Amino acid sequence: MDLDRRELIRLTVLTSLAAGTGGLGGCARLLEWSEAQRQAPIRREFGTEPTASAPATSSAAATGSAPPPPAPPDLGVARGDDPAANAVAAVALLGGMGRFVRKGDSVVVKPNILTAREPKYGATTNPAVVAAVVKMCWEAGAKSVTVFDHPTAPARQAYTVSGIAKAVNDVDGRMKVLSDRDYDRIEIPGGRSLKSWPLVTDIFDADVVINIPCAKTHGLAGLTMSMKNLMGIMGGSRGSVHQGFDQKIVDMNSFVRPQLQVLDGTRLLVRNGPSGGSLSDVRPGRLVVAGTNAVAVDSYGATLFGRKPSSLSYLRLAEKQGLGTTDLKSLDIEETS
């Protein structure tokens with residue numbers, strides 16, 4: 001990243017903070033992706049349209065203009081035995097991928113490819129879910145779709161063993177192996193514990209960022225889902241991140257906010273996460289959760305493990321800092337099978 005672009009990101013974020021909009025992160029679309037945009041009319045309308053013979057029951061009908069479509073739900077949850085179909089259905093409940101990806105957009109997709117584990121162990125995002133998201137991006141008109149993570153194992157090995165490399169290649173996506181050249185140290189305005197860090201610059205160059213975590217236990221964070229998965233864009237020596245870990249998770253999510261979160265709950269790693277390695281630690285989840293707010297998505301995800309969202313420190317901190325709500329009763333949640 002050259003100095004001009006880094007300075008532009010810094011000034012744009014600081015301007016957002018001064019205006020009271022919070023520390024929005026990433027590319028221009030990330031910086032502009034406000035709550036008002038999330039609630040704006042979307043391309044897919046829910047329900048059936050009135051027929052030509054239906055009586056006029058509103059001023060909109062009387063004037064011949066169609067009523068605006070209802071606002072999309074906060075979360076879309078799709079259950080079934082087909083992971084790809086679940087991903088498509090969950091995103092469709094939010095209004096479809098066309099709500100997030102426009103023609104000519106460059107898209108970055110961030111799955112969880114922690115290590116070289118086969119999908120059956122639940123330690124990595126299901127490859128069928130990743131492929132479904134990539135395919136939806138193409139169908140929405142994306143110009144490019146790049147998929148990457150920062151595994152603890154050698155990247156090519158982790159990409160291959162997880163099945164994600166083949167799945168992405170089969171739908172013409174690009175799997176990128178990161179190198180030191182792909183990181184630049186970025187200041188994190190408003191970060192309480194994480195002040196700056198080397199971050200993957202692709203995040204800031206993309207028009208759209210899609211986060212696709214899997215749901216699993218984590219020895220330090222308790223559970224790792226959308227918010228924790230975002231730590232995978234960090235380079236450098238990540239051992240020091242574990243000090244004040246929960247606050248650093250929140251700091252990163254206050255800065256970089258993907259437009260779409262797709263939580264893969266195909267298999268739940270209920271013990272010995274995040275890397276697992278035994279099938280006895282895995283139980284079927286058979287669902288995908290989609291949403292625009294990581295706090296909301298992870299709050300729902302916590303219930304898959306029989307936990308209250310308030311039991312996770314980083315969710316409590318995120319809610320306190322205004323990043324979202326953990327109160328599932330206050331959210332509009334649509335489910336489908």
Side-chain angles (χ1 to χ4, degrees), residues 75-91 93 109-133 149 151-152 158 161-164 167 210-232 246 249 260-291 293-315 326 328 331 333-337:
L75 298 177
V77 182
R79 302 175 185 272
D81 293 324
D82 185 335
N86 288 343
V88 172
V91 174
L93 288 174
V109 173
K110 167 62 176 72
N112 187 314
I113 317 178
L114 171 68
T115 189
R117 286 273 190 270
E118 296 176 51
K120 63 184 179 181
Y121 292 106
T124 55
T125 304
N126 189 285
V129 173
V130 179
V133 169
D149 198 5
T152 57
V161 175
S162 69
I164 292 176
I210 302 176
N211 191 20
I212 319 182
C214 52
K216 53 185 179 177
T217 56
H218 190 279
L220 191 57
L223 295 175
T224 170
M225 295 174 288
S226 302
M227 293 185 69
K228 169 64 178 63
N229 192 52
L230 203 57
M231 306 298 274
D246 293 317
I249 292 174
L260 178 61
Q261 319 278 349
V262 181
L263 176 62
D264 168 34
T266 303
R267 299 176 181 85
L268 305 177
L269 182 57
V270 298
R271 289 182 298 274
N272 298 317
S275 57
S278 172
L279 292 179
S280 64
D281 295 331
V282 182
R283 67 174 175 82
R286 301 177 60 252
L287 85 165
V288 169
V289 183
N293 183 276
V295 178
V297 171
D298 287 3
S299 293
Y300 188 98
T303 67
L304 304 178
F305 296 84
R307 298 187 61 163
K308 294 181 178 180
S310 59
S311 70
L312 298 173
S313 177
Y314 63 86
L315 285 181
T326 63
L328 293 174
L331 298 176
I333 303 173
E334 287 198 26
E335 302 199 21
T336 186
S337 297

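Just so you know, these numbers come straight off a predicted model, no measurement behind them. Computation of the quantities below employed the complete heavy-atom set of this structure, encompassing side-chain atoms and omitting hydrogens, waters and symmetry-equivalent molecules.
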Original post:
Atom CD1 in I249, atom OG1 in T224: separation rounded to 0.5 Å?
Top reply: 7.5 Å

Subject >> Heavy-atom side-chain contact between Y300 and L328 under 4.5 Å >> reply: yes

Subject >> Within-4.5 Å side-chain heavy-atom neighbours: L287 and E335 >> reply: no

Subject >> I210/V133 under side-chain contact (heavy atoms from CB on, under 4.5 Å): CA gap, chis, key distance, verdict >> reply: CA-CA 9 Å; I210 302 176; V133 169; 4.0 Å; yes

Subject >> OG1 on T125 to CZ on R267, rounded to 0.5 Å >> reply: 12.0 Å

**OP:** Provide the closest heavy-atom pair for P127 versus G163 in the form atom of the first, atom of the second, distance.
**Re:** CB-O, 3.4 Å

Original post:
So, does N272 use its side chain to make a donor-acceptor pair with the main chain of G277 at under 3.5 Å?
Top reply: no

Original post:
Considering all heavy atoms of both residues, which atom of A89 and which atom of T336 are nearest to each other, and what is their separation?
Top reply: CB-CG2, 4.1 Å

**OP:** Kindly compute the distance separating CG (L223) from CE (M225), expressed to the nearest 0.5 Å.
**Re:** 4.5 Å

Original post:
How many angstroms lie between atom OG of S299 and atom CG of N293, to the nearest 0.5 angstrom?
Top reply: 8.0 Å

Subject >> V77 side chain reached by I333 side chain, heavy atoms, under 4.5 Å >> reply: yes

Subject >> Shortest non-hydrogen separation from A87 to V129 and the atoms involved >> reply: CB-CG1, 4.1 Å

**OP:** Determine whether D298 and L312 make a side-chain contact, defined as any pair of heavy atoms from C-beta on separated by less than 4.5 Å.
**Re:** no

Original post:
S226 side chain to V297 main-chain N or O, any donor-acceptor pair under 3.5 Å?
Top reply: no

**OP:** Please tell me if the side chains of V262 and V288 come closer than 4.5 Å, counting only heavy atoms from C-beta onward.
**Re:** yes

**OP:** Would you name the heavy atoms of G122 and K216 that are closest together and state the gap between them?
**Re:** O-CD, 4.0 Å

Subject >> Nearest-0.5 Å distance that lies between atom CG in L315 and atom CG in D246 >> reply: 9.0 Å

Subject >> Steps toward side-chain contact (heavy atoms from CB on, under 4.5 Å) verdict (Y121, L269) >> reply: CA-CA 7 Å; Y121 292 106; L269 182 57; over 6 Å; no

Subject >> Rounded distance (nearest 0.5 Å) linking atom OG1 of T152 with atom CD1 of I113 >> reply: 11.5 Å

Subject >> Taking every non-hydrogen atom, the tightest pair across N86 and A78 >> reply: O-CB, 3.3 Å

**OP:** Look at the side chain of T124 and the backbone N and O of P119, then say whether any donor-acceptor pair between them is shorter than 3.5 Å.
**Re:** no

Subject >> Residue that, paired with D281, satisfies salt bridge (charged side-chain N to carboxylate O under 4.0 Å, His left out) out of R117, R271, K120 >> reply: R271

Original post:
So which heavy atom on P274 is nearest to which on G219, and how close?
Top reply: CD-N, 4.5 Å

**OP:** Indicate whether the side chain of D264 and that of N126 have a donor and an acceptor atom separated by less than 3.5 Å.
**Re:** no

**OP:** Could you check if a side-chain atom of V161 sits within less than 4.5 angstrom of a side-chain atom of E118, using non-hydrogen atoms only?
**Re:** yes

Original post:
Any sub-3.5 Å donor-acceptor pair from D149's side-chain atoms to P151's backbone N or O?
Top reply: no

